[in-house]
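What follows is a single structure, written as structure tokens, with notes after it.
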Amino acid sequence: MSEADQDRLKEQQRVEQVIAEINRQIASLQDHVTEVSADIVGIRKHFWDDVTVNFEDATEAAETYASIKQQAEVLSERERVHRHAHNKLRTLNRLVQSPYFGRIDFREETEASADPIYLGIASLLDEREEQFLVYDWRAPISSLYYDYSPGPADYETPSGTVSGEITCKRQYVIRDGQLLHLFDTGVTIGDELLQEVLGKQADSQMKSIVATIQRDQNRIIRNEYSRLVIVSGAAGSGKTSAALQRIAYLLYRYRKTLRAEQIVLFSPNSLFNSYVSTVLPELGEENMQQTTFQDYAEHRLGSTFQLEHPLAQMEYVLTAMKEPGYAERLEGIRIKTSPRFMRAIDDYASLLKEDGILFRPITFRDRVIVSAKRIRNHFYSMESSISIPNRMALLAKWLLGELKKQERLECSKPWVEDELELLDKDAFVAVYQELRKKNQFREDTFNDFDREQELLSAKIVKKHFRPLRESVRELQFIDTTATYRQLFSDSALATTVFSVEERPELWAEICTQTVERLDKNELTYEDTPPFLYLQEKLEGFQTNNIVRHVFIDEAQDYSPFQFALLQRLFPRAKMTVLGDWNQAIYAHAYDSSSFESVASLYEPEQTETFVLTKSYRSTEPIVEFTRQLVKDGERIEPFRRAGRKPSVTITPNHEALTEKITAQIQKLQAEGHQAIAVITKTAEEAQAAHERLRDKLDIRMIGTRAIAYETGALIIPSYLAKGVEFDAVLIYNASSERYHLESERKLFYTACTRAMHELHLYSVGEVSPLLTSVSRDRYEWFQ
């Protein structure tokens, strides 16, 4: 037997020994879980049997409380033990399939020999709980595996730096207890393991990448000190995966002080939320909070406006070119999401300190009891050096005082007497008891009718004024809509907040469109962030001091307003921003090229930027094709994974297109591909494609209301496919008719980069001019 065979045999034997220990711990833990479960059921069933209940006097009541508290604490402790045991059991059941994926032999400089360190998704101690059979990939010593090749190395621990030498670095592929592959490798995770992992079929949900984390990704994951982490990476470079592993690392590193609910991920849509939802549970962690900016906007403004969804805006931009007002709307999108417009809102807010805020009158029973003019005069009578939000708080306090005065005046009004007549006997009895309790009856009479009437009247008025007081506390007397509208309806304001050179050419038309929508209680997607920003400037920023980490994926689609709002919403949180400007598909991002707007919110020394240039998702031929579609694409490095060249097929009409796509999907399915996406430009085109294909194939359409991906053949609009990957992608119609504008280049690139193994483009008639930038030898041509 050769030395290599002997080495492999020893490794297989160790795998079997570790799995045997895992199975022993599973069996022991299952017995423990069963026992604790029985305890919990018994305690719940007999809870009150073991509690002494006696409320005869204060002493007995105190003893009863102590008895209940003691029994509740026993139950709580058993439930905590059960949760801990159940979570550990779940981790062991994952480990038994593949106990570890890597090994380093590390010799500390003070030691004579090296110790083998095995890495897995969780730690595993031996039977006596003295030695680690497997180290958690997030442990400090595990960073050696990701950061160093054999030779001198060091790692940080809470007690300082540990230096030494790596004498061996090895990777494993273990499935169901069998050692399938082992590789000795250098500083990067070896191509052999990456080939094995990346060559698999796509799934409906993202998987953990802890076995294949690269050095640059590891630096992102383990960054603990920066307030702002910016990750700019090519399509398929592992940005989102690194972010999710970073969350898992933070939960491990600060497990005593950080909880999953203190981390928020802002993702592009609910489909994406479903796609990434299993990564953290795979690593034994609870999922962080997941939301979208649109969800936040709906929470804040949904009761006031009909909000436009960002995907509805996208569909408009891509399909409404021939509609009246299209150019003005497009220019409005770019203006309202620009840094310059944010400065304009800031300048407008400064003007509002002196004059211009519009208020709503406070009315009661169709009568104005505090006019908008009085509210305005009182507000602007305050010292202008006081901030607007602080003045609003003082104004609310004054208004509550005015309401109290008005309440007293209302008590004698005829409508109150009318309601008194309708009160039932119980109301009078309750007031009588209250007066007796307060000793407010006169001594010489048993029934003081006037006092009863007075108290009942006050209660009636108080009840009717309660919504008014609540609205004042919520600052509903500020007419934010009218104040925002004023910026577009008052032509003089444009000369104040915009210089002559900066004033948009189509500003008058943009203003007309904006006012028309506001008057219909509609708020476009481009208006939502600046409106929220102005609202916060007037009312004061609502803050969440519980959240400690905010992650923003697809951040290239965020405007300066959105970054500023999120930074102020979560003032104590560190922020991780991930994006790719080559995938900036929204209209407002066409001219953007950096994350300057978010970086400007933090001090330079608080910020660290990472650039990921290597693309792992797609085969080398696909990356060679897609990187020529975008500016500076030569910076994108393909991973060396072989595959077929992309194909471009020209068809004469939609009937031929349908036949070609049907045949291609059937061929791909026969070859074993499970996730096949027909990507259209728009939802409108997706609907038409589905009508043509559904009678020939089992194919589903993914729309904006879908909440989860499934494997199989599907049709999906380009902007919904962001962040997701498929075994094979078929671009439904890459013709010059569909993709002819330079502004559509990034959308086209985004669609093409969803492919892992195969990419096929189809065109009805002349192919898109966007393909002229791609060398002819990078794809196959069929006609």
Side-chain angles (χ1 to χ4, degrees), residues 300-301 303-304 352 355-384 386-483 521 535-536 538-540 542:
R300 292 293 309 278
L301 302 173
S303 61
T304 306
L352 294 176
D355 192 18
I357 299 177
L358 301 177
F359 296 93
R360 295 187 181 95
I362 295 177
T363 61
F364 180 72
R365 297 179 66 84
D366 299 325
R367 291 184 292 110
V368 175
I369 57 176
V370 186
S371 69
K373 184 177 180 181
R374 274 192 72 199
I375 296 173
R376 179 192 172 282
N377 289 342
H378 189 84
F379 177 84
Y380 283 111
S381 69
M382 298 182 210
E383 179 60 49
S384 61
I386 304 173
S387 70
I388 291 178
N390 285 344
R391 276 193 276 173
M392 289 299 178
L394 293 172
L395 181 60
K397 187 176 180 179
W398 173 77
L399 283 171
L400 289 172
E402 292 299 302
L403 289 180
K404 196 169 185 179
K405 294 177 186 176
Q406 191 64 36
E407 279 185 49
R408 290 195 290 269
L409 295 175
E410 289 292 321
C411 287
S412 59
K413 296 289 177 68
W415 71 268
V416 180
E417 294 182 12
D418 293 341
E419 290 209 10
L420 276 172
E421 296 294 329
L422 299 175
L423 290 178
D424 56 22
K425 181 181 177 181
D426 290 342
F428 284 93
V429 171
V431 169
Y432 172 76
Q433 296 292 347
E434 185 175 340
L435 290 172
R436 285 290 300 268
K437 187 176 180 180
K438 293 179 179 179
N439 197 27
Q440 290 187 1
F441 279 119
R442 293 197 301 268
E443 293 181 0
D444 57 346
T445 180
F446 176 74
N447 182 21
D448 189 338
F449 178 76
D450 291 338
R451 289 293 295 132
E452 282 185 350
Q453 295 289 93
E454 182 182 329
L455 187 55
L456 282 169
S457 297
K459 284 182 175 295
I460 290 171
V461 174
K462 191 177 187 69
K463 176 183 175 182
H464 282 274
F465 267 67
R466 188 175 297 124
L468 286 182
R469 290 193 298 273
E470 191 60 34
S471 69
V472 168
R473 292 189 185 99
E474 293 176 356
L475 307 183
Q476 292 180 19
F477 53 84
I478 309 172
D479 196 340
T480 309
T481 302
T483 306
N521 287 330
Q535 185 179 57
E536 301 285 20
L538 299 180
E539 298 179 7
Q542 296 190 14

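Numbers for residues simply follow the sequence, beginning at 1. Excluded from the calculations below are hydrogen atoms, water molecules and symmetry mates; all remaining heavy atoms, backbone and side chain alike, are included. None of the values given here were measured: they were computed from a predicted structure.
Remark: E410 does not engage K462 in a salt bridge, criterion side-chain N to carboxylate O under 4.0 Å.
Across every non-hydrogen atom of L409 and S412, the tightest pair is O-OG, 3.3 Å. Across all their heavy atoms, R391 and S384 have their closest contact at NH2-O, 3.7 Å. Heavy-atom minimum distance, M392 versus F359: CE-CE2, 3.8 Å. Taking every heavy atom of both residues into account, P361 and V368 meet most closely at CB-CG1, 4.1 Å.
Within the model, atoms OG of S371 and CD1 of I362 stand 9.5 Å from one another, a figure rounded to the nearest 0.5 Å. Taken to the nearest 0.5 Å, the CD1 atom of I375 stands 12.0 Å off from the CD1 atom of I357. R360 contributes atom CZ, which lies 4.0 Å from atom CG of D479 (distance to the nearest 0.5 angstrom). From Q406, atom CD reaches atom CD1 of I369 across 5.0 Å, with rounding to the nearest 0.5 Å. For the atom pair CD (E407) and CG (L468), the distance works out to 9.0 Å, reported to the nearest 0.5 Å.
Between V370 and F477 the shortest side-chain heavy-atom distance does not fall below 4.5 Å. Two residues are said to be in side-chain contact when any heavy atoms from C-beta on lie closer than 4.5 Å; R466 and E470 fail this criterion. Side-chain atoms of Q535 and I478, non-hydrogen and from C-beta on, never get closer than 4.5 Å to each other. Contact of the R300 side chain with the Q542 side chain is registered, since non-hydrogen atoms from C-beta on lie closer than 4.5 Å.
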Item to complete: For the pair T304 and N521, evaluate side-chain contact (heavy atoms from CB on, under 4.5 Å) and give the outcome as yes or no after the intermediate values.
Response: CA-CA 7 Å; T304 306; N521 287 330; 5.7 Å; no

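Taking the six-membered ring where tryptophan is involved, the planes of F364 and H464 are perpendicular, since the angle between them exceeds 60° and thus also 30°.
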Give every donor-acceptor pair under 3.5 Å between a side-chain atom in residues 393-403 and any protein atom, sequence neighbours left out.
residue: E402; atom: OE1; partner: R374; partner atom: NH2; Å: 3.0
residue: E402; atom: OE2; partner: K405; partner atom: NZ; Å: 3.2

